[in-house]
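What you are looking at is a predicted structure, and each value in this text was computed from that prediction instead of being measured.
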Amino acid sequence: MFKKGLVLIFSLYSSLSWGGFEVVALGVDGGVSDGNLTSYLIRSDTNPLYLGLDAGSVLPGIAKGLDKGNFADVTEQNAAPFTRQGYIFRQRINSYFISHAHLDHVAGLIIGSPEDSKKTIYGTAATVETLRNHYFNWRVWPNFTDSGSGTRLGTYRLQAPRPAQRFTIGLTRLIGEIYPLSHDQSPSSMLLIGQGDEFFAYFGDTGPDAVEKSKNLDQIWRILGEKVKQKQLKGMIIEVSYPNSVADGKLYGHMTPKWLLAELKNLAKYSGEGEQPLKDLPVVISHIKPSLQQGPDPRKVIVDELQQANDLGVKFILMEQGDSQQF
């Protein structure tokens, strides 16, 4: 039954094409907002199967997406015996990339695991080790993976491709390359996602190179700069956790608007000739940390600070939970 339904969906999507990628925001915040934590879906325009980009809040994000009219091809009839939410969670998300194993990037994956279907989880060796040893270990949570301690329930296959090595991402028809990021005392990573000659970059948490005493972002900008030159980079998701008022010493491996713009100027340096080589490049701002104090909304402050200093012509995008965007 499920195989027949999946074949029909594949046929439908194979006959339609808008070019590029679809991204659905399942969770956009960093920090304390436990129902709206960092999690996105991405898929090729020719394939109905999604790759999960982190998994802070998965099921709540699917529900919000359905409320907003997304996943319109999933009906109660073709989702049966599952709910529409359950069908998307189990059948349409084919695999996950986890940028790093902090709770606000994995909580939805862990909580939802007893109801999930078999999938591959991709990440760095450090991320995979943390998932195996500190979450799926029969102390914090049953071991739903294919390795580690105790009975291995085998829902998730843990894979750690070597850095910069190209690999095929499940059945999504996407390819990926993982690059390291500096996130205070925790390793994080970026995934470069490709289909044919089109690419999209997803950044886990990262601080700026100057504060982190790192060259990780510089290495990534060199790689992405070549994609910009060839007009192959369709967009990126990158974090800005705090407004400019937060001091460098209290960023703890995160970005502010001024630091993101400084880093994007470095990307522009590697992106070819011209006054604005990044003009109209879509950049989705993610992981804004909500404030529990009275005063201006950090999201509004960050957007204003980015726009006021945006002499690069970048197209900054602020997605809300449940939003869908084509790139």
Side-chain angles (χ1 to χ4, degrees), residues 30 37-40 42 51-56 58 93-110 113 116 118-172 174-194 199-207 209 212-224 236-239 252-254 287:
L37 297 171
T38 304
S39 181
Y40 295 83
I42 188 168
L51 165 67
L53 299 170
D54 283 326
V58 179
I93 302 177
N94 175 257
S95 46
Y96 287 97
F97 165 72
I98 302 299
S99 66
H100 63 299
H102 280 171
L103 263 176
D104 57 336
H105 293 256
V106 300
L109 173 76
I110 295 166
S113 57
D116 210 349
K118 287 184 178 294
K119 290 173 180 145
T120 301
I121 297 175
Y122 301 95
T124 63
T127 297
V128 166
E129 180 183 13
T130 302
L131 288 171
R132 180 176 58 231
N133 293 342
H134 299 291
Y135 292 117
F136 294 115
N137 59 9
W138 288 103
R139 295 180 181 86
V140 173
W141 204 250
N143 185 359
F144 284 96
T145 79
D146 62 347
S147 62
S149 57
T151 302
R152 301 167 185 174
L153 301 175
T155 301
Y156 300 127
R157 181 184 178 212
L158 300 178
Q159 291 285 293
R162 292 195 300 271
Q165 174 185 303
R166 181 169 291 194
F167 61 97
T168 300
I169 303 173
L171 299 176
T172 64
L174 301 171
I175 56 98
E177 297 172 17
I178 298 176
Y179 294 91
L181 294 171
S182 296
H183 178 37
D184 195 36
Q185 300 181 45
S186 301
S188 183
S189 57
M190 181 275 269
L191 182 67
L192 181 59
I193 304 150
F199 296 87
F200 191 93
Y202 174 76
F203 290 75
D205 292 358
T206 182
D209 277 353
E212 294 288 309
K213 305 296 189 289
S214 168
K215 291 188 178 297
N216 284 334
L217 282 172
D218 185 75
Q219 178 192 9
I220 290 170
W221 300 141
R222 290 172 186 267
I223 294 164
L224 295 187
M236 70 174 74
I237 297 172
I238 194 165
E239 71 126 274
Y252 306 112
H254 294 294
H287 204 268

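Rounding to the nearest 0.5 Å gives a distance of 12.0 Å between CG of Leu53 and CE of Met190. Taking CG from Leu109 and OH from Tyr135, the interatomic distance works out to 10.5 Å, rounded to the nearest 0.5 Å. How far NE2 of His254 is from CD of Glu239: 5.5 Å, rounded to the nearest 0.5 Å. Taking CD of Glu129 as the reference point, atom NE2 of His134 lies at 6.5 Å (rounded to 0.5 Å). Here the straight-line distance linking atom OG of Ser113 with atom CD1 of Ile121 works out to 8.5 Å at 0.5 Å rounding. Within the model, atoms CD1 of Ile237 and CD1 of Ile193 stand 7.5 Å from one another, a figure rounded to the nearest 0.5 Å.
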Would you check, one step at a time, whether the test side chain to side chain contact (heavy atoms under 4.5 Å, CB included) holds for Phe144 with Phe136?
CA-CA 6 Å; Phe144 284 96; Phe136 294 115; 4.2 Å; yes
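Residues satisfying the salt bridge (charged side-chain N to carboxylate O under 4.0 Å, His left out) criterion with Arg166, sequence neighbours excluded, are Glu177. Legend: residues meeting salt bridge (charged side-chain N to carboxylate O under 4.0 Å, His left out) with Asp184, ordered by chain and number and at least two apart, are absent. Contacts of Asn216 classified as side-chain hydrogen bond (donor to acceptor under 3.5 Å, both in side chains), with partners at least two apart in sequence or in another chain: Ser182, Ser214. Checked against salt bridge (charged side-chain N to carboxylate O under 4.0 Å, His left out), Asp116 has the following partners two or more places apart in sequence or in another chain: Lys119. Under the side-chain contact (heavy atoms from CB on, under 4.5 Å) criterion, Ala126 pairs with Thr124, Pro187, not counting sequence neighbours. Applying the salt bridge (charged side-chain N to carboxylate O under 4.0 Å, His left out) criterion to Arg157, with sequence neighbours excluded, gives no partner residue.
Separation of the Phe203 and Trp221 ring centroids falls under the 6.0 Å cut-off.
You'll find the side chain of Trp138 reaches within 4.5 Å of the side chain of Leu153, heavy atoms only. Two residues are said to be in side-chain contact when any heavy atoms from C-beta on lie closer than 4.5 Å; His287 and Asp104 meet this criterion. The closest side-chain heavy-atom distance from Leu192 to Ile223 is below 4.5 Å. Counting heavy atoms from C-beta on, the side chains of Leu181 and Leu217 come closer than 4.5 Å. The closest side-chain heavy-atom distance from Pro180 to Ser189 is not below 4.5 Å. By the 4.5 Å heavy-atom criterion applied to side chains, Ile110 and Val140 are not counted as neighbours.
Closest heavy-atom contact between Asn143 and Gly148: ND2-C, 3.8 Å. Closest approach of His183 and Gly253 over heavy atoms only: ND1-O, 2.8 Å. When all heavy atoms are compared, the tightest approach of Ile169 to Ser95 is CG2-OG, 3.5 Å. The shortest heavy-atom contact between Asp54 and Tyr202 is OD2-OH, 2.6 Å. Counting all heavy atoms, side chain and backbone alike, Gly123 lies closest to Pro161 at O-CD, 3.7 Å. In this structure, Asn137 and Ser149 approach most closely via the heavy-atom pair O-OG, 3.5 Å.
When atom types are taken as modelled, the side chain of Tyr122 and the backbone of Phe167 share no donor-acceptor pair closer than 3.5 angstrom. The main-chain N or O of Asp209 is never found under 3.5 Å from a side-chain atom of Asp218 such that the two would form a donor-acceptor pair.
Within 6.0 Å of the CD atom in Gln185, the count of heavy atoms belonging to other residues, nucleotides or ligands does not exceed 12.
Using modelled atom types, one finds no donor on one side chain facing an acceptor on the other under 3.5 Å when comparing Asp205 with Ser188.
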